[in-house]
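See structure below.
In listed order, ligands and their atoms are each counted from 1. All values below were derived from every heavy atom in this structure, side-chain atoms included, with hydrogens, water molecules and symmetry-related copies excluded. Keep in mind that what you see is a predicted model, and the values were worked out from it rather than measured.
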Amino acid sequence: METVLSGMRPTGNLHLGNYYGAARSFVKMQDEYNCFFFIADWHSLTTHPKPEDIQRSARTILAEYLACGIDPEKATIYIQSDVPETIELYLYFNMNCYLGELERVTTFKEKARQQPDNVNAGLLTYPTLMAADILQHRAAKVPVGKDQEQNMEMARKCARRFNNIYGVEFFPEPQNFYFGDHAIKIPGLDGSGKMGKSNGNCIYLYEDEKSIRKKVMRAVTDNGPEAPNSEKPEVIQNLFTLMEIASSKDTYDYFNEKWNDCSIRYGDMKKQLAEDLVNTLAPIRERIIEFSSDQDKLDKIARMGAEKARESASATLREVRKIIGFKVY
Ligand code: TRP
């Protein structure tokens, strides 16, 4: 079975976009691949989070992914900082990567622009840590978004270089794994672009009924269709896309017809959409609350994941140490 690995930065709560864009695909993948899903809390240190926030953010995201259906019996779900083996591999990769190529990574340049007073070496070597995350399990496939392409290219370089320097064929070159048909791009509620935390247009998975209704009722619309069967402008298409994921086909068709014959009332449509979103999210929200209220269980799951991940990583590291020339006991 091929190994798939994905890393999630613990940067807040999951929203609908994360669910349909990634989490739901992970749930499918765990049946088809040997999956590692981990929470990249070391990577989050590049922005110097407060010590009291570190564990809470990791636990929050852990509870939410579990609530989405990641099954710790099927997949290995762990917290990056629980697997110290990663750092050893990170050190080796850093010896084979060059300042110039790391400086050319777009995400580094962007971050350097955003935080000019904190252009630290961790930011520069973000891609080599990511390579270590992936290659410690010798993962073949990594589900990533477009923004991670250059980091993936660096991971392949790390694998290739290591193999070339030592004349071995040890590391596979990990491939980007697009969610393909599984993923649905979820639009925001503000009429443009996709749902994203930085856009402030999200519906969160843990969000309560009242708040979901309020957000949907406030979603941007227009003055209505001007002629029968006209093309939908983006703001309206977005509502229909949300309806496609949350509502029944009958409901969707009903409002689509209303749009086509120009009798649509956005207020009615939003009320229905809100109702259906509330119902779609209710079971996930319940499970989030359940997992979050049982920290012992979360601890146990995290420990179990860490053990499995360490086992996989130390097997790799043992070989790596031998290849490099270190003594292995
Ligand atoms: N860089 C990824 C992101 O920003 C998170 C990440 C860290 C990751 N290590 C990884 C993703 C390894 C895939 C594989 O989303």
Mind checking whether Y126 has an N or O less than 3.5 Å away from an N or O of ligand 1?
yes

Between Y92 and F162, is the ring centroid distance below 6.0 Å?
no

Minimum side-chain heavy-atom gap T11-I61 below 4.5 Å:
no

Whether Y126 and H43 hold their rings parallel, tilted or perpendicular, with breakpoints at 30° and 60°
tilted

For ligand 1, which atoms, with element, lie under 4.0 Å from some heavy atom of H43?
7 (C), 9 (N)

Just which atoms of ligand 1 are under 4.0 Å from any heavy atom in V142?
13 (C), 14 (C)

Salt-bridge present (R156, E153; N to O < 4.0 Å):
yes

Looking at atom 15 (O) of ligand 1, what's its closest protein heavy atom, distance included?
Q148 NE2, 3.8 Å

Checking K141 against M29 for the side chain to side chain contact (heavy atoms under 4.5 Å, CB included) test, could you report, in this order, the C-alpha distance in whole Å, the side-chain angles of both residues, the deciding distance, and whether it holds?
CA-CA 11 Å; K141 289 192 160 78; M29 283 172 202; over 6 Å; no

Show me which atoms of ligand 1 lie under 4.0 Å from any heavy atom of F38.
9 (N), 10 (C), 12 (C)

Should the pair E103-K109 be classified as a salt bridge under the 4.0 Å nitrogen-to-oxygen rule?
no

May I ask you to identify the nearest protein heavy atom to atom 9 (N) of ligand 1, giving residue, atom name and distance to one decimal place in Å?
D133 OD2, 2.8 Å

How far is atom 4 (O) of ligand 1 from its nearest protein heavy atom, and which residue and atom name does that atom have?
R9 NE, 2.8 Å

For atom 14 (C) of ligand 1, what's the nearest protein heavy atom and its distance?
L5 CD2, 3.5 Å

Side chain, backbone, both or neither: which part of L129 has a heavy atom under 4.0 Å from ligand 1?
neither

Heavy atom of the protein closest to atom 12 (C) of ligand 1 (residue, atom name, distance):
M130 CG, 3.4 Å

Look at atom CD of Q55 and say whether more than 12 heavy atoms of other residues, nucleotides or ligands are closer to it than 6.0 Å.
no

